[in-house]
There are 2 protein chains.
Amino acid sequence: MTTIGDVAKAAGVSVATVSRALRGVDRVSPHTRDRVLAAASELHYVASPAATSLVSGRTRGVGVITPYFNRWFFATVVSGIEKVLREDGYHVLLCDLEGHTFDTRLPITQTMLWKRADGAIILNVPPVPSERSVLDRLGLPVVTVGNRQPGWPSVRIDDGAAMALATRYVVDLGHRDIGYAGTVPASITHLQTPYDRREAFTKVLSDHGLVCPPEWTLECDWTAAGAAEHADRLFAQRDFPTCVVAASDEMAFGVMSAARRHGLRVPEDVSVIGIDDHVHAEIFDLTTVRQDVEAQGRRAGQIMLDALRSRAGDVVVDDVLDVELVVRGSTGPPRRAGGGQRTKESVVVA
Amino acid sequence: MTTIGDVAKAAGVSVATVSRALRGVDRVSPHTRDRVLAAASELHYVASPAATSLVSGRTRGVGVITPYFNRWFFATVVSGIEKVLREDGYHVLLCDLEGHTFDTRLPITQTMLWKRADGAIILNVPPVPSERSVLDRLGLPVVTVGNRQPGWPSVRIDDGAAMALATRYVVDLGHRDIGYAGTVPASITHLQTPYDRREAFTKVLSDHGLVCPPEWTLECDWTAAGAAEHADRLFAQRDFPTCVVAASDEMAFGVMSAARRHGLRVPEDVSVIGIDDHVHAEIFDLTTVRQDVEAQGRRAGQIMLDALRSRAGDVVVDDVLDVELVVRGSTGPPRRAGGGQRTKESVVVA
DNA sequence: CTGAAAGCGCTTACAG
DNA sequence: CTGAAAGCGCTTACAG
């Protein structure tokens, strides 16, 4: 509980001088400074952030708002943000919006951020109008990751392009009967990515005169387990695709798992492709479209830092990171190139 | 930027009355209260946490100190903590100690927590003496997760018992040639779990007159990729075990992956068992010892909340959660029960 | 280079 | 039930 007054007393100077000496601003005589530093260190003095913040109006905290936090993508982004902020003495204030089900989330409130953070980084959740006005009223710099919002800088990949890359790859491999994992319930309004990826998938297919029927389209909660459950039903059907495109690697894991459970070999019987290059993608030999997730966090942190030092001016950057197709063992040409339904029996026997 | 003064003016009362009305303490006439509430809401007033904290001495924040954060176990614990704290209006201050390599971590400093948090929850890292004295000086309630420290309540599993359960299971299955994944470089002093699990493994083996030779012992960074890399070398040896016990599921994934890459079938050619019941364990059909990680976070959060309301008194609880063997498809009896080295050739041909 | 004093935005005895 | 005032621990003009 030592305060600046204790240090002043110990060093025999005024609190103003202690403040100056400790922060290294203004001129302070070397001799005085040394005395102050010694006293502060002796007393284990650390300035009260509340007092500093009250007088300076700055908190040295950045709110990180995330729809889920306990998922690889988000934890990785936060990790990147944290490392960059930390170097400049900023800390992250975690705001997890995860609700009780996949379809719901908590609202972004003024209380979360007000006078608590100097800026906010929003991961993947497009604010609804009322949230937008909360954020605007707060007057903090905002950076978004994973999607773009008018007036705010963003860091992301092009979800449509990433999905198009994956889909085109398997079409070029000769697949015509292609399933899709990763649609979400219509009630989901707090994520944009599922819609963008789905749209790009459908577009590439239709460009090739193809269509993915509803019974090959798996709606789930974007987890491996959720995808596995639905893929299980898919592979139980008499007709199923020669390839499944998953909108994320975790769902791709689920699809691969379900395939194996049905005695199908990957990629001989079914090809599977994902998006992300999840930490485990290489281990499980998954073909995917790689994005550098931690780099997105780092860049978002850097843009925030620049904004806090008002280096950025008024330029609203839209930092779109490259993605890259990573071909591994989970994809191959279809058994019978050119399409045609295969029955489950023929596969198992083959 | 509306302050309590603005609300007072709008409601025609003093700031003291606004404070009372808004916090619902003390008697305030219903009429006055309504006027204050209306004015506050109209003006979007939220009290400045810095000012509140300065005068009250409490921050309504809890520091969560974690060795890595972007790993399933830790992100899951934090998620559990966050959900419980949130319900009582507390937020989490994330303190990630991850250094540049697996062997190093950042120190816990006074600056991290001082006047910034009302308590600290420490995940899996045993503080060194200097950190212990920082923490003691801070005078905050501390709860540990994942290991036990004198004087602090803890939430954890019994690492030794969990590992013994896994090891005994595969020994009972008939395995005699057993490898181990999960030793760490001797330079690692900031984690206890690797040592406790290793010790229990060795103990069970020796109880059965068995020993795991150094060349079957995989030292790694406790990631799937790290384990895969070392397992790759293991399976390239002429003699390798009929079973690998991994100290975590993620390492088990790596081992399974390496086995498959060598044309070995799991469990026919090699059994693999882990500890955790990672989100993906079921998907990948991994036999494991289950621990409820999110529950550990929730309980730690609850103990912290109790301590902050000083409900807890002086009892230092040691909350040891049960673990449970979950048998799945990655384990089976050895090819030749009773041991005896198998050559790689014989396996591949078989 | 250094100190006295005002002020950041609240809460909490203390009066009334 | 309500208000005036002190005080939480700092920083920052303002003097000197």
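Computed from a predicted model, the values in this text were never measured in an experiment.
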Report the distance from atom [atom1] of [X] to atom [atom2] of [N], rounded to the nearest whole Å.
X	N	atom1	atom2	answer
K9(A)	dG9(D)	NZ	P	12 Å
R20(A)	dC14(D)	CZ	P	13 Å
L54(A)	dC8(C)	CG	P	9 Å
R58(A)	dT12(D)	CZ	P	11 Å
W114(A)	dC10(C)	CH2	C1'	13 Å
Y45(A)	dG9(D)	OH	C1'	7 Å
R116(B)	dG9(D)	CZ	P	16 Å
I4(A)	dG3(C)	CD1	P	12 Å

Just to be sure I understand the rule, does [X] reach a base, reach only the sugar-phosphate, or reach nothing, if contact means heavy atoms closer than 4.0 Å?
X	answer
R23(A)	sugar-phosphate
T32(A)	sugar-phosphate
S29(A)	sugar-phosphate

- Item | Non-hydrogen side-chain atoms of Y68(A) and F73(A) separated by less than 4.5 Å | no
- Task: Report yes if some heavy atom in the side chain of F69(A) is under 4.5 Å from a heavy atom in the side chain of K83(B); otherwise report no.
- Result: no
Less than 4.0 angstrom between a side-chain N/O of [X] and OP1 or OP2 of [N], yes or no?
X	N	result
S19(A)	dC10(D)	no
T17(A)	dG3(C)	yes
T52(B)	dC10(C)	no

- Note on the structure: Assert: residue with more 5' nearest nucleotide on DNA chain D, out of A16(B) and V18(A), is A16(B)
- Query: With nearest nucleotides of DNA chain D determined for S14(B) and K115(B) from heavy-atom distances, which residue corresponds to the more 5′ nucleotide?
  - Reply: S14(B)
- Query: Now, which nucleotide makes the Watson-Crick or G-U wobble pair with dG16(C), with each of the two distances under 3.5 Å?
  - Reply: dC1(D)
Any ion pair linking [Y] and [X] (charged N to carboxylate O, less than 4.0 Å)?
X	Y	answer
R298(A)	E294(A)	yes
D88(A)	R309(A)	yes
E131(A)	R105(A)	yes

